[in-house]
Amino acid sequence: MPETTEDLNEFWRWLYEARERGPIALDTETTGLNVFNPSFRLRTVQFGDQRDAWVIQYERGGYFESYAREAVQRTQRVLIHNAAYDWLVLDRCAGIPLEDLAPWTTDTRTLAALCDPRQPSEGGIGTALKPLSARWVDPAAPDTQSGLTAVFRSLGLTKETGWAGIPLDHPTYLLYAGLDVILTARLFPALRRELARLGVRNELVAYEHELARICAVMQRRGLLVDQDYAGPLARRLAAEAERYRAVAARYGVIKVGSGDQVAAALVGMGETLTERTDAGALKTDKAVLLPLADLDRDWQRIGAREPNRLADAVLRAKRAAKWGETYAAGFMNKLDDAGRIHPVITPLAARTGRMSVTDGLHQLPSSDHIVRRAILAEPGHVKISTDFQAIEMRVLAALADVRRMKEGFTRGGDAFDIHMYTAKLIRGEGATKRDRKLFKGAGFGKVYGGGITTLARQTGASEAEISQAVTAYDRVFPEIKRAGKRWQRQAFQNGMVFVSATGRRLPLDRDRTYAVTNYACQSAARDVLGQAMIEMEGAGLLEYMRLPIHDEILASAPREDAADVAREFERCMTMSLYGVPIVAEAEIGGRSWGSLYGADY
DNA sequence: TCGTTCACG
DNA sequence: ACGTACGTGAACGAG
């Protein structure tokens with residue numbers, strides 16, 4: 001830890017020598033996790049190789065700040081564990097554009113995810129530095145994060161307040177800050193060797209780094225919140241939740257979120273509950289409560305029974321609370337000083353390679369526009385959403401080489417409806433909308449590996465009907481089942497890992513190898529979107545991109561250019577996958593995201 | 001921390 | 001031999 005200018009000069013000499021020997025590991029310590037929180041500060045910047053670490057106390061300002069900033073700009077090749085975070089920290093706090101640092105960066109978290117994409121809960125190592133170091137560097141590698149949590153506690157601080165409150169010269173803090181770069185530097189060659197051993201192509205690694213940078217740029221931009229709308233909405237929904245909680249309380253349910261209380265009260269009222277949770281408790285979820293409240297899946301009265309007032313109140317209280325607290329109030333609590341939220345976009349999150357997004361931005365209600373109405377395009381802009389048409393079915397047709405599906409997609413044209421096409425293949429030209437729904441269910445059942453019982457529950461059709469539909473489905477598209485078997489066999493011969501078309505490793509669980517069909521489709525669909533996102537940047541669209549949503553890109557563009565921009569998005573998302581056309585459709589809305597879901601603004 | 005629930009594609 | 005819907009993030013309650 002340099003303390004004098006002489007020390008800083010020694011650090012400088014080390015940097016110039018070390019960067020000749022190989023990449024420099026880089027890390028930062030900060031006051032918290034939300035880079036865009038107005039009170040966020042950068043505390044230290046660490047540099048290291050496999051042997052040495054330098055902790056530069058950026059927070060002290062002056063020479064410390066300028067040496068750290070200059071050093072980052074001169075590292076040339078750098079290693080960062082979870083690069084997007086440090087890119088944004090340095091971009092925001094040190095004025096180093098992430099566009100400058102990203103091309104020099106290798107992200108060890110990305111490398112680890114390509115070796116094994118599973119989270120610890122799924123039997124993998126995960127992508128945290130500690131378990132990765134234990135696996136690839138030294139089983140006794142210290143857990144610097146949990147070690148620091150203990151130090152925070154001993155200082156009367158918490159996990160939340162510790163990062164900002166711990167004195168800058170605390171020895172454990174500095175030691176662990178330095179250790180993280182050394183671990184990252186040692187992790188890198190081990191992961192690189194492993195990727196080579198597994199035959200993971202460098203092109204895939206490079207593609208993931210491009211995507212990581214694009215996602216970080218979107219995170220930096222964030223999304224504008226309509227505060228004059230979201231604030232009152234949060235209050236209105238809170239009041240609504242409170243009204244229904246009061247109704248529930250009249251039936252003895254003090255906490256509507258307590259399954260035990262709700263179940264006990266319903267049973268006490270003479271209702272019979274039959275479904276059970278995995279842990280054996282009586283289920284009281286939405287699927288159980290809606291029929292008791294005489295409501296269908298769209299919350300419309302069925303007229304089959306007298307509604308149970310408690311079930312109705314619990315449903316409405318929980319919905320209002322979730323929409324109000326998680327979404328509306330959640331946006332208000334996460335604003336930066338420009339009134340924007342910056343959800344973390346993790347490009348490699350799921351075991352299938354799918355991306356994830358924080359702050360609920362991937363889960364906003366789509367059946368009603370009131371929550372999405374709170375997210376705005378920039379002043380003078382409009383929202384544009386461009387999504388792939390039936391991407392997973394198209395990907396399935398391409399990967400499993402499903403002859404009659406491919407024929408449909410190839411000849412069908414722009415407005416092609418795969419589910420109606422399937423219904424007609426089986427039922428003839430007289431196929432009805434109801435047939436379409438049935439075979440749509442059967443199609444998704446195939447992609448997801450669902451059983452008769454589940455499909456019947458999901459579609460509302462009888463088990464006999466579903467069973468017939470699935471049989472008919474297999475007859476017209478026999479390649480799907482065969483491909484599933486083939487992929488399971490290939491995975492078995494490859495240590496229970498299926499390798500996707502892009503070279504992605506998809507480990508299977510031994511007791512549910514049928515999931516390979518879903519993994520192959522979901523991961524290929526993700527890579528199609530990823531490829532499209534790279535095309536978009538090439539077409540100059542990155543400045544308009546706001547959020548990836550699995551099969552969709554949400555954008556904001558100037559009203560007068562919207563038609564041109566939308567056409568460009570469609571062009572970037574249009575391609576061919578093994579002869580199957582991949583088709584996208586843009587929708588131009590108004591000022592708010594909700595306008596694409598029926599809101600009039 | 002774990003289990004449950006609920007929002008999405 | 002058979003059959004299993006897949007993938008997330010966030011909040012709350014219970015222990």
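Chain letters run A, B, ... following the sequence lines, proteins first, then strands; residues in each count from 1.
For the pair A:Arg118 and A:Asp116, the salt-bridge criterion is met [side-chain N within less than 4.0 Å of a carboxylate O]. Between A:Glu122 and A:Arg512 there is no salt bridge, since no side-chain nitrogen of the basic residue lies less than 4.0 Å from a carboxylate oxygen of the acidic one. A salt bridge is absent between A:Glu479 and A:Arg482: the closest approach of a Lys/Arg side-chain nitrogen to an acidic carboxylate oxygen does not fall below 4.0 angstrom.
Below 30°, between 30° and 60°, or above 60°: for A:Phe36 and A:His342 the angle between ring planes is below 30°, a parallel geometry. Using a 30° and 60° split on the angle between ring planes, A:Phe331 and A:Tyr327 fall in the tilted class, from 30° to 60°. Classification of the A:Phe498-A:Trp487 ring pair by plane angle, with boundaries at 30° and 60°, yields tilted.
If you check residues 480-488 of chain A against DNA chain B, you find no residue with a heavy atom closer than 4.0 Å. Contacts between residues 513-525 of chain A and DNA chain C, counted as heavy-atom distances below 4.0 Å, involve A:Tyr514, A:Asn518, A:Tyr519, A:Gln522.
Cation-pi geometry between A:Arg319 and A:Trp299 is met: the NZ or CZ atom falls under 6.0 Å from the ring centre, inside 45° of the normal. With A:Tyr229 as the aromatic partner, A:Arg373 meets the cation-pi criteria of under 6.0 angstrom to the ring centre and within 45 degrees of the ring axis.
When DNA chain B is scanned in the 5' to 3' direction for atoms under 4.0 Å from non-hydrogen atoms of chain A, the outermost contacting nucleotides are B:dG3 to B:dG9.
Nucleic acid contact class of A:Arg372 (heavy atoms, under 4.0 Å, all strands): sugar-phosphate only. Using a 4.0 Å heavy-atom distance criterion, A:Ile452 is classed as a sugar-phosphate-only contact. Looking at heavy-atom distances under 4.0 Å, A:Gly451 makes contact with sugar-phosphate atoms alone, never a base. Here A:Leu455 lies out of heavy-atom contact (under 4.0 Å) with every strand.
The closest donor-acceptor contact from the side chain of A:Asp359 to the backbone of A:Leu361 lies at 3.5 Å or more, if one exists at all. In terms of modelled atom types and a separation under 3.5 Å, the side chain of A:Arg351 and the main chain of A:Pro507 share a donor-acceptor contact.
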Do nucleotides 8-15 of chain C as a string where each nucleotide becomes B, S or -: B if the base has a protein heavy atom under 4.0 Å, S if just the sugar-phosphate does, - if no protein is that close. BBSSSSS-
What side-chain donor-acceptor pairs closer than 3.5 Å can you find for residues 520-528 of chain A, not counting sequence neighbours?
| unit_1 | atom_1 | unit_2 | atom_2 | d |
| --- | --- | --- | --- | --- |
| A:Gln522 | OE1 | A:Thr352 | OG1 | 2.7 |
| A:Arg526 | NE | A:Gly353 | O | 2.7 |
| A:Arg526 | NH1 | A:Glu208 | OE2 | 2.9 |
| A:Arg526 | NH2 | A:Glu208 | OE1 | 2.9 |
| A:Arg526 | NH2 | A:Pro347 | O | 2.8 |
| A:Asp527 | OD1 | A:Tyr207 | OH | 3.1 |
| A:Asp527 | OD1 | A:Arg504 | NH2 | 2.6 |
| A:Asp527 | OD2 | A:Thr502 | OG1 | 2.7 |
| A:Asp527 | OD2 | A:Arg504 | NE | 3.3 |
| A:Asp527 | OD2 | A:Arg504 | NH2 | 3.4 |

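Heavy-atom neighbours of A:Glu585 CD from other residues, nucleotides or ligands within 6.0 Å: at or below the threshold of 12.
The partner of C:dA11 is B:dT4, judged by Watson-Crick or G-U wobble contacts that both fall below 3.5 Å.
Listed by chain and number, the residues in a ring-ring contact (aromatic ring centres under 6.0 Å, His included) with A:His369 amount to none (sequence neighbours excluded).
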